[in-house]
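All chains are named by letter (A, B, ...) in the order of the sequence lines, taking the proteins before the strands, and each is independently numbered beginning at 1. The figures that follow rest on heavy atoms only: side chains count, while hydrogens, waters and symmetry mates do not. Everything numeric in this text was worked out from a predicted model, so none of it was measured.
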Number of protein chains: 2
Amino acid sequence: VVEIKNIHKHYDGQQIETHALQGVSLTINQGEFVAITGPSGCGKSTLLSIMGLMDTASEGDYKISNIDTHGLKVDQRTQIRNQHIGYVFQSFNLIDHLTVFDNVALPLEHRKTSKEEIKKRVEKVLSQVDMLHRKSYRPNQLSGGQQQRIAIARALVGSPDLILVDEPTGNLDSKNGDQVMALLEKLNSDGATIVMVTHDSRYSRCASRQIQLLDGKIVAQINSEKSLQGV
Amino acid sequence: VVEIKNIHKHYDGQQIETHALQGVSLTINQGEFVAITGPSGCGKSTLLSIMGLMDTASEGDYKISNIDTHGLKVDQRTQIRNQHIGYVFQSFNLIDHLTVFDNVALPLEHRKTSKEEIKKRVEKVLSQVDMLHRKSYRPNQLSGGQQQRIAIARALVGSPDLILVDEPTGNLDSKNGDQVMALLEKLNSDGATIVMVTHDSRYSRCASRQIQLLDGKIVAQINSEKSLQGV
Ligand SMILES: Nc1ncnc2c1ncn2[C@@H]1O[C@H](COP(=O)(O)OP(=O)(O)OP(=O)(O)O)[C@@H](O)[C@H]1O
Ligand SMILES: Nc1ncnc2c1ncn2[C@@H]1O[C@H](COP(=O)(O)OP(=O)(O)OP(=O)(O)O)[C@@H](O)[C@H]1O
Ligand SMILES: [Mg+2]
Ligand SMILES: [Mg+2]
């Protein structure tokens, strides 16, 4: 479902030039659960944002569900994102003047969903991350880990088939972290494809495959025992 | 050096009322390395921000270095912070329109420090977190873990005697995380008092004492083997 060929990403600005991705190629099949790991600054978030159509590569090809992303216009990319992709940002990107409820409901806005259906879906996903009791709060009235869980809820509310999560447990204690991972594993067993960037080796083990990045390149791919068991 | 008696913190806003700290009392002596742990939302950041004079308690007493914080005016609190406290925020709070160098130099601005001395201190602390090569970047040109390391560098540049760190390794791989912890341990052995909020049990173990919070109260205090060995 995700086919990346020889992707390069350069950031060019005044006084700076960073070659964040230096020729990355990988394929992710429908239903896989892939972890992306590597040291701080090695290109994980950059890769994920290209996968999620948040950003474009400087060179190379990216096909998603057989659609070549090269030719896509801005509104076409937005449509694919809205319909198929759930994205959890490393820095959450919640909207401060909206309540938790409205933040999580945002991905459903462009769809023709009834008010009752929106309420049902938002409340379901909020209770899955233990945040239903805070639906009327603003993001700046929440703790760091609570904001992280709202960002996760928002990514999942539209039942996306491709879920991209950038460091979903960095601000969570192990009980909440385990709860988030169990939720992702359940969605994966229900058919969603998951790509998770993480620094936590306890959780990268939950994936069936681990892709290790270093200095903008893939240096190793490891199949976990989970995938070797033919699970 | 830190004496907290029966601290309560209420947040009151439209539609919401949170009793974030419900009677917390603790003492931290000069030179200690204390970890604060507990589930997401239990009050850790709130407690740390009161300790760091970023926020005030709703009830209760807080003395820092024998100074009663009750009577302090805003500029007096600011002066104590600038002279004695280094603070790492959970969400970094870097300034987007300043370079990395100027962000880290900020705590030195109010002091009568020469330009050469500022350059020397900023570059020293930047190399201690492996970020010297990025001193001309803006924060939004950095990865999440790189931003975290800049926030840490800024907290340490003024050689504070009280270092308060809120989740310093949440966005870091283990090598960078270990490097940050080694730096904190070195500063502690040089005499700094450190209070660290963390979800990472590998790192809470580096502290000589662990304070466990739950629902705004202290539920346990554990002395690590480190302190039992009289280290
Ligand atoms: N400005 C605010 N207004 C209202 N409630 C708040 C505000 N800031 C924090 N809270 C609430 O106070 C409680 C404690 O928050 P705090 O940030 O101290 O938690 P924490 O232990 O640091 O959590 P985490 O591990 O997720 O960072 C939470 O329930 C939070 O929702
Ligand atoms: N807008 C930008 N302009 C310039 N350079 C950038 C920009 N965004 C990221 N970079 C650089 O690209 C590199 C990769 O960044 P990326 O955010 O992908 O790292 P990461 O692997 O996610 O790191 P972390 O684990 O710290 O989150 C870094 O060296 C970073 O400084
Ligand atoms: Mg990142
Ligand atoms: Mg916190």
Per-residue contact mode, B:Asn171 against chain A (heavy atom under 4.5 angstrom): both
Just so I know, are the side chains of A:Leu126 and A:Val104 near enough to count as touching, which here means a heavy-atom distance under 4.5 Å? yes
If you measure from the Lys or Arg side-chain nitrogens to the Asp or Glu carboxylate oxygens, is any gap between A:Arg121 and A:Glu117 under 4.0 Å? yes
Do the side chains of A:Asp173 and A:Lys175 get close enough for a salt bridge, i.e. N-O under 4.0 angstrom? no
With a 4.5 Å cut-off on side-chain heavy atoms, are B:Tyr87 and B:Ser49 touching? yes
Do you know which of A:Leu172, A:Asn176, A:Thr37 has the most heavy-atom pairs with chain B at a distance under 4.5 angstrom? A:Leu172
Against chain A, work out which of B:Ser40, B:Pro39, B:Ser143, B:Gly38 has the most heavy-atom pairs shorter than 4.5 Å and name it. B:Ser40
Any residues in residues 145-158 of chain B near chain A, with a heavy-atom distance under 4.5 Å, and which are they? B:Gly145, B:Gln146, B:Arg149
Determine whether more than 12 heavy atoms belonging to other residues, nucleotides or ligands lie under 6.0 Å from atom CG of A:Asp61. yes
So CG of B:Leu48 and CE of B:Met54: to nearest 0.5 Å the spacing works out to 9.0 Å
Minimum side-chain heavy-atom gap A:Tyr11-A:Asp55 below 4.5 Å: yes
